[in-house]
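Scope of the values below: all heavy atoms of this structure, side chains included, with no hydrogens, waters or symmetry mates.
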Amino acid sequence: MNDKIKQDTRIGENIRRIRKARKLGQTDLVRILQINGCEITRECLVKIERCTQHIQSSQLRAIKNALNTTYDALIDGTDE
């Protein structure tokens with residue numbers, strides 16, 4: 001069972017900002033996530049980045065690892 005996190009802190013916007021800073025497209029990030037065992041589609045990532053879909057805790061952990069960032073950066077938008 002995967003827990004879902006309600007995006008009340010604009011996690012999606014922070015993911016997009018960090019992903020772009022890493023010069024990764026959405027498809028690139030999804031490919032990295034899938035290779036590392038995270039079942040996610042590009043459409044799902046788009047919805048997460050637009051804050052229209054809750055993010056699963058397993059997805060958040062995988063995105064943190066794929067972007068080589070911190071939970072603080074993803075959740076609070078603090079600088080890395």
Side-chain angles (χ1 to χ4, degrees):
M1 178 170 91
N2 287 320
D3 295 328
K4 293 184 180 180
I5 301 169
K6 183 176 179 184
Q7 289 198 45
D8 59 350
T9 58
R10 312 309 276 176
I11 294 170
E13 292 174 2
N14 296 330
I15 291 170
R16 179 184 302 126
R17 178 181 51 78
I18 296 168
R19 175 181 56 75
K20 287 184 173 187
R22 303 281 193 274
K23 300 191 186 314
L24 288 172
Q26 291 171 329
T27 304
D28 299 322
L29 179 55
V30 167
R31 190 172 296 127
I32 293 167
L33 293 169
Q34 289 175 344
I35 288 170
N36 289 313
C38 179
E39 293 187 27
I40 191 169
T41 63
R42 183 180 172 279
E43 291 77 18
C44 180
L45 179 62
V46 167
K47 290 178 182 178
I48 290 170
E49 286 189 352
R50 290 182 180 166
C51 300
T52 60
Q53 178 173 312
H54 297 305
I55 188 168
Q56 296 177 355
S57 57
S58 60
Q59 292 169 331
L60 183 64
R61 181 177 39 255
I63 290 170
K64 178 190 84 69
N65 292 336
L67 293 177
N68 193 28
T69 190
T70 65
Y71 286 117
D72 286 338
L74 292 174
I75 296 170
D76 298 328
T78 57
D79 290 336
E80 300 178 71

Checklist entry - Sequence neighbours excluded, which residues qualify as salt bridge (Lys or Arg N to Asp or Glu O under 4.0 Å) partners of Arg42? => result none
Item to check | Distance (rounded to the nearest 0.5 Å) between Ile55 CD1 and Lys47 NZ | outcome: 14.0 Å
Checklist entry - What residues form a salt bridge (Lys or Arg N to Asp or Glu O under 4.0 Å) with Asp72, not counting sequence neighbours? => result none
Item to check | Those residues that, when tested against Asn65, pass side-chain contact (heavy atoms from CB on, under 4.5 Å) (two or more places apart) | outcome: Arg61
Next on the checklist: For a quick test of reading the model, state the closest non-hydrogen atom pair linking Gln53 to Cys44 and the distance between them.
Outcome noted: NE2-SG, 2.9 Å
Next on the checklist: Under the rule for side-chain contact (heavy atoms from CB on, under 4.5 Å), what residues qualify as partners of Leu24, not counting sequence neighbours?
Outcome noted: Arg19, Arg22, Asp28, Ile32, Leu67
Next on the checklist: Tell me whether the count of non-hydrogen atoms from other residues, nucleotides or ligands lying under 6.0 Å of CD in Glu39 goes above 12.
Outcome noted: no
Checklist entry - Does some side-chain heavy atom of Asn14 sit less than 4.5 Å from a side-chain heavy atom of Thr69? => result no
Checklist entry - Can you name the nearest heavy-atom pair linking Glu13 to Cys51, along with the distance? => result N-SG, 4.1 Å
Checklist outcome for this item: Interatomic distance, CD@Gln56 vs CD1@Ile63, rounded to 0.5 Å, equals 10.0 Å
Next on the checklist: Can you tell me how far apart CD (Glu49) and NZ (Lys20) are? Round to the nearest 0.5 Å.
Outcome noted: 8.0 Å
Checklist entry - Would Ile40 and Ile48 count as a side-chain contact (heavy atoms from CB on, under 4.5 Å) if you check the C-alpha gap in whole Å, the side-chain angles of each, and the deciding distance to 0.1 Å? => result CA-CA 11 Å; Ile40 191 169; Ile48 290 170; 4.1 Å; yes
Next on the checklist: Could you measure the distance from the CZ atom of Arg10 to the CZ atom of Arg16? Nearest 0.5 Å is fine.
Outcome noted: 9.5 Å
Item to check | Min side-chain heavy-atom separation Leu74-Ile15 under 4.5 Å | outcome: yes
